[in-house]
Amino acid sequence: MGEVDILELKAIGIDPRLKNNREGRSMQARNRNLDEWYGKIKHSQIKLPRFQRFEAWDRQRICSLVETVIHNLPLGITLVLQVGDNEKFISRYLMTAPRTDSRVYEHLLDGQQRLTALWRVFHNNYENETYFIYLKELDQYEGDAERENLTVFCRSRYYRENGERYPLWCDDPAQCLERGMIPTNLMRPEDIQNEIDEWIETATKPLEPAGEKEELLRFFEYKKRVSDRIKDLRSIIANYNLPYLSLPSHTDKTVALNVFINMNTNSKPLSQYDIIVAEVESVMEQSLHDLETELDAKYPEIARYSPLSDQILTTSALLQGHLPNQRGAWEMDKALMVENWETMAYSLHRMAAFLKGEGIYDRERLPTNAVLAVIAALYAYIPESGDKRGQDELLLKRYLWYAFFTDRYENAAATRAFVDFNRLKQIITGERKPDGSLYSIEDVPIFADHAFVEAEELMTAEWPKRATIRGRGVLAVACRLGALDFATGEHLDAGTVEKRHYHHIYPDALLKEAEIPSFLALNCALIADTTNMSIGRKDPLQYLKDRYAWTSETIVCERLQSHLIPIRELANGGYEDLEESEKNEKLKADFEAFLRTRGELILRAAKYLAEGRQLAAGEIYAE
């Protein structure tokens with residue numbers, strides 16, 4: 001790469017005066033392959049300034065990142081600060097990176113999320129997911145949906161009572177290979193040939209023929225092909241170039257901080273929507289921004305669920321038969337998009353009303369935005385009243401809760417949403433198959449190919465403030481049941497949801513002392529901010545009774561049950577007089593029993609909601 005232009009330095013917030021360092025050399029964008037980045041992380045030669053935020057990327061962004069690498073596409077530039085004799089900033093290691101006494105040579109100012117994700121994917125050390133690279137030519141499994149070749153697949157993981165990590169196939173080389181899945185930990189750019197050979201040997205062992213010469217030859221050719229594919233991928237990854245700019249070690253600390261802030265907040269590139277706006281206005285001589293402003297004024301509730309511009313593009317694309325993503329937005333007819341504006345706008349309005357009726361009130365509580373365009377576009381085919389509307393909306397309810405409680409949209413969400421939309425549309429419009437029969441739910445992949453998750457998987461669902469499908473799905477059920485505030489008894493609805501706070505049911509302080517993770521979806525309840533002024537360390541139920549001055553057992557039951565909180569498991573308690581180790585052991589067992597029971601209650605309610613039932617929390621307990 002050549003010398004960086006002064007305008008480019010200004011654009012990323014670097015003072016052009018730094019362009020030449022004290023030795024008179026120009027600052028340049030330098031090349032660095034992933035194997036070199038990996039080595040620096042492994043040997044603790046590069047660390048993060050502690051002021052940087054922690055790991056934040058979700059699985060979709062991680063999958064997209066790794067796909068960019070294996071397709072050898074550009075990823076953008078990173079920024080490092082050279083460390084001289086002393087580190088300018090208090091530093092920390094990248095998440096899960098080795099901690100050694102090696103000298104630190106660089107601070108990573110920009111690129112943390114990318115390098116952390118790559119390091120962790122190459123070790124496959126995420127607790128609740130496992131990553132694979134999918135090779136279509138190796139796929140011999142009939143039970144999975146179609147996937148694009150050379151894509152990254154992420155599978156959610158969870159533990160059952162027997163302590164085993166499910167699904168079991170993720171740790172079985174033979175079953176992985178049968179599905180065309182190569183675990184990404186075989187891709188880490190270091191000498192692990194013995195590990196690779198052992199994996200291939202175990203993966204192909206069930207395929208080894210008894211002894212026919214021709215069959216044996218074909219078998220060894222297949223093993224070599226598997227080995228070659230892994231070798232090719234490893235070569236691409238190791239040699240992938242992730243360039244960087246380097247600030248010299250004598251850079252003033254304040255200047256380095258300003259660079260970091262500017263690179264993370266001040267860059268405002270044109271968005272996809274900005275470009276499409278310009279295209280529409282040049283073709284139609286009509287302002288798309290004006291249309292959007294009018295839509296927002298007429299139906300302000302739509303923007304509660306996702307940026308209005310995104311919903312306009314994805315819904316318009318689906319209505320024209322294109323994928324609800326960037327590709328579909330580029331491919332759709334922009335003139336037809338404006339022509340269909342009123343239909344699209346009213347469909348989005350009906351979608352927002354439907355979500356509100358299902359207890360989904362805003363984007364912070366929406367488990368996956370993959371459903372938005374699907375539901376909105378389907379409303380273009382659903383009548384405004386009558387029995388047919390009721391019948392079609394039962395189908396939408398089933399679709400919504402399946403989207404929240406299956407793994408359908410954890411990977412390739414836009415592609416899968418497109419397929420589901422077309423099948424649901426065929427059911428709603430009464431389209432017939434080639435054999436003359438009507439389409440039914442058995443023809444919709446989200447229903448036919450995906451079962452509801454198990455309670456054990458809900459036990460690992462993350463805190464619902466984070467953008468995870470399962471964590472927010474758990475919260476969505478409680479919202480749908482109108483979860484009562486602990487102090488006032490006020491029902492949760494569209495008017496009160498923004499006043500609610502994410503509250504630990506088992507107090508965070510109590511669990512933290514025992515080193516038990518507390519930020520789990522099943523340990524969360526939405527209550528009013530003023531209610532959650534302090535967190536106690538008492539037994540959970542006693543703390544709640546004392547804190548909120550509940551006057552009767554009826555009130556206790558009513559308010560806890562409205563969140564599907566199991567009272568018996570919450571009332572175990574008795575920790576105060578126990579020795580530390582005994583207390584921790586009992587607390588861990590009690591908390592796990594609480595999570596399991598609440599998970600079963602949430603799952604039962606979700607299945608009823610998928611059937612379109614109007615239910616109350618008391619019904620779930622009664623059964």
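Residues satisfying the salt bridge (charged side-chain N to carboxylate O under 4.0 Å, His left out) criterion with Lys588, sequence neighbours excluded, are absent altogether. Partners of Asp232 under the salt bridge (charged side-chain N to carboxylate O under 4.0 Å, His left out) rule, at least two apart in sequence or in another chain, do not exist in this structure. Remark: Tyr399 pairs with no residue by the ring-ring contact (aromatic ring centres under 6.0 Å, His included) rule, at least two apart or across chains. Contacts of His563 classified as ring-ring contact (aromatic ring centres under 6.0 Å, His included), with partners at least two apart in sequence or in another chain: Phe486. Residues passing the ring-ring contact (aromatic ring centres under 6.0 Å, His included) test with His71, sequence neighbours excluded: none. Applying the side chain to side chain donor-acceptor pair (under 3.5 Å) criterion to Asp407, with sequence neighbours excluded, gives His450. Here Arg114 pairs with Asp110 under the salt bridge (charged side-chain N to carboxylate O under 4.0 Å, His left out) rule; sequence neighbours left out. Partners of Glu215 by salt bridge (charged side-chain N to carboxylate O under 4.0 Å, His left out), not counting sequence neighbours: none found. Scanning for side chain to side chain donor-acceptor pair (under 3.5 Å) contacts around Tyr222 gives an empty result, with sequence neighbours left out. For Lys586, the side chain to side chain donor-acceptor pair (under 3.5 Å) partners at least two apart in sequence or on another chain are Asp590. Shown here are the ring-ring contact (aromatic ring centres under 6.0 Å, His included) partners of Tyr409, two or more places apart in sequence or in another chain: there are none.
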Would you give me the side-chain donor-acceptor pairs under 3.5 Å for residues 462-478, sequence neighbours excluded?
unit_1: Thr468; atom_1: OG1; unit_2: Gly471; atom_2: N; d: 3.4
unit_1: Arg470; atom_1: NH1; unit_2: Phe404; atom_2: O; d: 3.0
unit_1: Arg470; atom_1: NH1; unit_2: Thr406; atom_2: O; d: 3.3
unit_1: Arg470; atom_1: NH2; unit_2: Thr406; atom_2: O; d: 3.3
unit_1: Arg470; atom_1: NH2; unit_2: Glu410; atom_2: OE2; d: 2.4
unit_1: Arg472; atom_1: NE; unit_2: Glu364; atom_2: O; d: 3.2
unit_1: Arg472; atom_1: NE; unit_2: Pro464; atom_2: O; d: 3.1
unit_1: Arg472; atom_1: NE; unit_2: Arg466; atom_2: O; d: 3.3
unit_1: Arg472; atom_1: NH1; unit_2: Arg363; atom_2: O; d: 2.8
unit_1: Arg472; atom_1: NH1; unit_2: Leu366; atom_2: O; d: 3.3

